[in-house]
Amino acid sequence: MNVRVRLFARARDLAGAEFVEVSLSEPALVSDLRRELLARHPALTPLGPTLLVAIDNQYARDDAVVGPASDVACFPPVSGG
Amino acid sequence: MNVRVRLFARARDLAGAEFVEVSLSEPALVSDLRRELLARHPALTPLGPTLLVAIDNQYARDDAVVGPASDVACFPPVSGG
Amino acid sequence: MRSIVLTNEPIDYTALTEQVRSHEAGAVVLFLGTVREMTSGRRTLALDYDAFPAMAESTMREILAEAESRWPIVAAAIVHRLGHLDLGEISIALAVSCGHRAQAFEAGRYLIDELKQRVPIWKKENWDDGTTEWVHPGAEGPSA
Amino acid sequence: MRSIVLTNEPIDYTALTEQVRSHEAGAVVLFLGTVREMTSGRRTLALDYDAFPAMAESTMREILAEAESRWPIVAAAIVHRLGHLDLGEISIALAVSCGHRAQAFEAGRYLIDELKQRVPIWKKENWDDGTTEWVHPGAEGPSA
């Protein structure tokens, strides 16, 4: 499946795009998504271990499942307030 | 010496006056003032042990000295804010 | 900027807050004390605040100096209302600004906690049954 | 009253504070985050805030629900500014009212602490040397 990933802040700047696509074989976990994302977009490497993943507007752990209908976002540590 | 004592809040209401006088023999301590005040103004008795004494705009302990030039105030526990 | 005021007029907390804003500060904490309707199951109609003004001001200055020795306060302003206050009105407003939020919260909390313990100001409840009562924590029984 | 807003307009913290005032509340705490000039010895000219709006709002709702389960909150309102902010401008305003002050201080502190940890909003420093830098706590090195 192809999963569209929305990027924010420095992740978006490094990738040079607000949305990127990654191909995953089902079933896929967040850890798979994370690996594929960095493989396809090595510009994100400086953020690698700190990148946070959200599925359907909720933080997702590495063992959470990514499905074809998942709304996926990926971003560095937050700094609002 | 005669010392004029300014009263506030319920102490003023109970004594029925904003200022009262007490006679003290010198040297006098706050504890003497306190005893004389209650003897001369028994209406203050319900507040007796909780009454606070200030000399020259500072809280004064029972062993502080009261002089003829002292600016003395006496009031119940505070409840501002 | 340091400001300590006793007033008989309604408190303008926006003006107070603007006084403490600064390019040096990343955090502002404003505390408002307001006249609450219910206290221990009894209904209040209004409060009357009385003060020993000279000592109230000097005690507030003392407390503010203590806070400044503990936290890096950029600016602080305190105003206490006196006289007759209706339900919902503001009895005290206290604004403090600091570089960072933890400092501003802690300093604000210290200022109001100490003020309530030490500053010679008293409130009198006007209960809805027509009685009034000075609030004197720790003193015995009801008053008039 | 519960209100959570993201906005590109300057924040009206007086309107926010009025929203949470209530006859049920004896205490209101307002927190303002403002753009500070100096950070670790460097001079900021401005900040840009970006957000993931849907998730930012749902996360703020979650945090507010957590606070409500811990403290008896009468009313709460949070507004976060997005876009370009000049020095001294308000990036966040958070107002909470409770019966008593300890509750209001603790709830306010919880809300801002959790918000800063979890809500997907990011700031970018505009340093006075012309460079910009996303602030990503824990991520390595400077960015563009």
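Predicted model, so just to flag it, every value in this text is computed and none were measured. Values reported hereafter were calculated over all heavy atoms of this structure, with side chains retained and with hydrogens, waters and symmetry mates removed.
Using a 4.5 Å cut-off between heavy atoms, C/F52 contacts chain B through both its backbone and its side chain. The part of C/V119 that comes within reach of chain B is its backbone (N, CA, C, O), which places non-hydrogen atoms under 4.5 angstrom from that chain. Of the atoms belonging to C/A51, it is backbone heavy atoms, and not side-chain ones, that fall under 4.5 Å from chain B.
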Check against side-chain hydrogen bond (donor to acceptor under 3.5 Å, both in side chains), C/N126 and C/T132: CA-CA 5 Å; C/N126 293 253; C/T132 64; 5.9 Å; no
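The candidate from C/H80, C/K124, C/Q117 with the greatest count of non-hydrogen atom pairs under 4.5 Å with chain B is C/H80. No other option in C/A56, C/A54, C/G33, C/S58 has as many heavy-atom pairs under 4.5 Å with chain B as C/A54.
In this structure, C/E68 pairs ionically with C/R2, as a charged nitrogen and a carboxylate oxygen lie closer than 4.0 Å. A salt bridge links C/R42 with C/E133: at least one charged nitrogen is closer than 4.0 Å to a carboxylate oxygen.
The aromatic rings of C/W122 and B/F8 lie parallel to each other, with less than 30° between the two planes, well short of the 60° mark.
A donor-acceptor pair shorter than 3.5 Å can be found between the side chains of C/E125 and C/T44.
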